[in-house]
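I have placed the structure first, in the form of structure tokens, so that the comments after it can refer back to it.
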Amino acid sequence: MGNKTAIITGITGQDGSHLADLLLEKNYRVIGIVRRISTEPPSRMRRHLWDKVTQFPGDLLDSVSIENAINEFQPDEFYNLAAQSHVGMSWKQPELTSAIDYFGVLNILKAIKLLKPDTRFYQASTSEMFGKVEDEFQNEKSRFYPRSPYAVAKLAAHWLTINYRESYDIHASCGILFNHEGPRRGKDFVTRKITLHVAKHKLGKTDKPLELGNLNSMRDWGYAGDYVRAMWLMLQQDEPDDYVIGTGKSHSVRDFVNAAYAAIGISITWQGEGVDEKGYDSTNGKLLVQVNPKFFRPAEVDLLRADSSKAREKLQWEPEVTFEDLVSMMVEADLKEESN
Ligand code: NAP
Ligand code: GDD
């Protein structure tokens, strides 16, 4: 092993930074595709990666930039982590979401086919594709029923990846990853929104209640650092394939709130139902959490819970960080960040 070249799209995002850490540890040459928007690209990249990763200007919407990257670096592996990844936003920007999350993948696959067909390709598929679930645990054979423009675009890209594998013999694999989080999570995803608010509350930086949408959604939350190992493992297999990656345990948004406040020594008492549900500090009765319908989605995914037995058996992949440890890790990191 060693001296392989990997291209990562989405390197400025949560997973991209964890994957870059992992591949650098394994002595890969890492090329990060970074889009040029109104700010300097390095300002959106994790500081510790600036000098270690080759930054290449590009955008999934610009096929020339993707072709240039493949031509110039002749990658052994190509990890497509770039996306408009916010489910709620996908109703507000459905065309952009489809363009990036579907046509962007087509741009990469056609460039690989044309320019370097032996490149191993990873596509970031998602548990959102299961959507309105019918199985208690979802695995590779479960029915897909996407419930958002994001999930529809991701499902199309998922099938496109499989189609390129079957039509052109490309080593292309899809990781059907369940929610994964950590201190590098974007601030508008629910876990990080909660831990950031809890940290600010603890430090006396806010006395407003935390406003959330659907408290009843159940998600299978794992740690991003564990999940990028699975991505890499998929591309080390002789045969390309698709794998479900998750912990097999599911918690509600309300459970996450309870665990985050517990991490700073506060227990919550819940009262009311639906939009009237509120969470109070059990010790002093202060209002800490309330529902704001503006965070509801036009269609919701009620429950996600992974059956990752295929990945556990074939990839020997296991998650290491528990739900409780994940929540504490995120609260601690936000306390540190907010103290600076
Ligand atoms: P993230 O933090 O939102 O990062 C998204 C990345 O995509 C950012 O680096 C962003 O760059 C980049 N990007 C967006 N549009 C682009 C474009 N047109 N061209 C090039 N780059 C573009 O997402 P994440 O949580 O790391 O997730 C990584 C991937 O896994 C995504 O595809 C997501 O849909 C999928 N996924 C995530 C989870 C999860 O729980 N995290 C679960 C299943 C699947 P900028 O910095 O320029 O915005
Ligand atoms: N973002 C957000 N903000 N979500 C909220 C809020 C809020 O204020 N209040 C409740 N929720 C609920 C959402 O309605 C959803 O049911 C759940 O919390 C999780 O929302 P997100 O953290 O935004 O994640 P997601 O599950 O919709 O999508 C994430 O995971 C997918 C994998 O299943 C993203 O990372 C996707 O890119 C990824 O594919």
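Position 1 is the first residue of the sequence; numbering continues from there. Each ligand, and each atom within it, is numbered from 1 in the order the structure gives.
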- For Y227 and ligand 1, answer yes if some heavy atom of the residue is under 4.0 Å from a ligand atom, otherwise no. no

- Can you list the ligand 2 atoms lying under 4.0 Å from a non-hydrogen atom of R185? 29 (C), 34 (C), 35 (O)

- What about D15: any of its N or O atoms under 3.5 Å from an N or O on ligand 1? yes

- Hey, is R185 one of the residues with a heavy atom under 4.0 angstrom from ligand 1? yes

- Task: May I ask you to check if ligand 1 and Q84 share an N or O to N or O distance below 3.5 Å?
- Result: no

- Ranking K193, R297, E300 by closest non-hydrogen atom to atom 21 (P) of ligand 2, top hit is R297

- For ligand 2, the portion of F189 having any non-hydrogen atom under 4.0 Å away: both

- Query: Between F296 and ligand 2, which residue portion shows a heavy-atom distance shorter than 4.0 Å: side chain, backbone, both, or neither?
  - Reply: neither

- Message: Below a 4.0 angstrom heavy-atom separation, can you tell me which part of S125, side chain or backbone, both or neither, approaches ligand 1?
- Response: backbone

- Item | Part of L304 within contact of ligand 2 (heavy atoms, under 4.0 Å) | side chain

- Task: Tell me, with the steps shown, if R219 and F178 meet side chain to side chain contact (heavy atoms under 4.5 Å, CB included).
- Result: CA-CA 8 Å; R219 290 290 182 275; F178 284 58; over 6 Å; no

- Contact partition for I100 relative to ligand 1, non-hydrogen atoms under 4.0 Å: side chain

- Note on the structure: The atoms of ligand 2 lying under 4.0 Å from a heavy atom of T126, numbered in the order shown, are 31 (C), 32 (C), 33 (O), 38 (C), 39 (O)

- Task: Look only at the side chain of W317 and the backbone of Y227, and say whether a donor-acceptor pair between them is shorter than 3.5 Å.
- Result: no

- Query: Do the side-chain N and O atoms of D135 and S142 include a donor-acceptor pair separated by under 3.5 angstrom?
  - Reply: yes

- Any side-chain donor-acceptor pair under 3.5 Å between T97 and S90? no

- Query: So, is T126 polar-close to ligand 1, with some N/O to N/O distance under 3.5 Å?
  - Reply: no

- Message: Any nitrogen or oxygen of F189, side chain or backbone, less than 3.5 Å from one on ligand 1?
- Response: no

- Message: Under 3.5 Å between any N/O of S85 and any N/O of ligand 1: does that happen in this structure?
- Response: yes

- Task: Closest by any non-hydrogen atom to atom 25 (P) of ligand 2: pick that one out of N216, N179, L210.
- Result: N179

- Would you say N179 has any N or O atom under 3.5 Å from an N or O of ligand 1, going by distance alone? no

- Among side-chain atoms of W159 and Y164, is any donor-acceptor pair under 3.5 angstrom? no

- Heavy-atom contacts with S85 under 4.0 Å: which atoms of ligand 2 show up? List them by number with element. 34 (C), 36 (C), 37 (O)

- G131, S127, S217: member with heavy atom nearest to atom 16 (O) of ligand 2: S217

- Aromatic plane relationship, H201 with Y261 - under 30° parallel, 30 to 60° tilted, over 60° perpendicular: perpendicular

- Query: According to the interplanar angle, ranging from 0 to 90°, do the rings of F144 and H158 count as parallel (below 30°), tilted (30 to 60°) or perpendicular (above 60°)?
  - Reply: perpendicular

- Are K154 and ligand 1 in contact, using a heavy-atom cut-off of under 4.0 Å? yes

- Report the nearest protein non-hydrogen atom to atom 6 (C) of ligand 2: residue, atom name, distance rounded to 0.1 Å. V190 CG2, 3.5 Å

- Check: N214/S217 side-chain N/O donor and acceptor closer than 3.5 Å: yes

- Within 4.0 Å of some non-hydrogen atom of H86, the atoms of ligand 2 are 1 (N)

- Task: Could you tell me whether H180 approaches ligand 1 through its side chain, its backbone, both or neither, with non-hydrogen atoms closer than 4.0 Å?
- Result: both

- Query: N/O of V301 under 3.5 Å from N/O of ligand 2, yes or no?
  - Reply: no

- Query: Which residue from A151, A83, S90, G213 reaches closest to atom 9 (N) of ligand 2 through any of its heavy atoms?
  - Reply: G213

- Within-shell test, I33 vs ligand 1, heavy atom, strictly < 4.0 Å: no

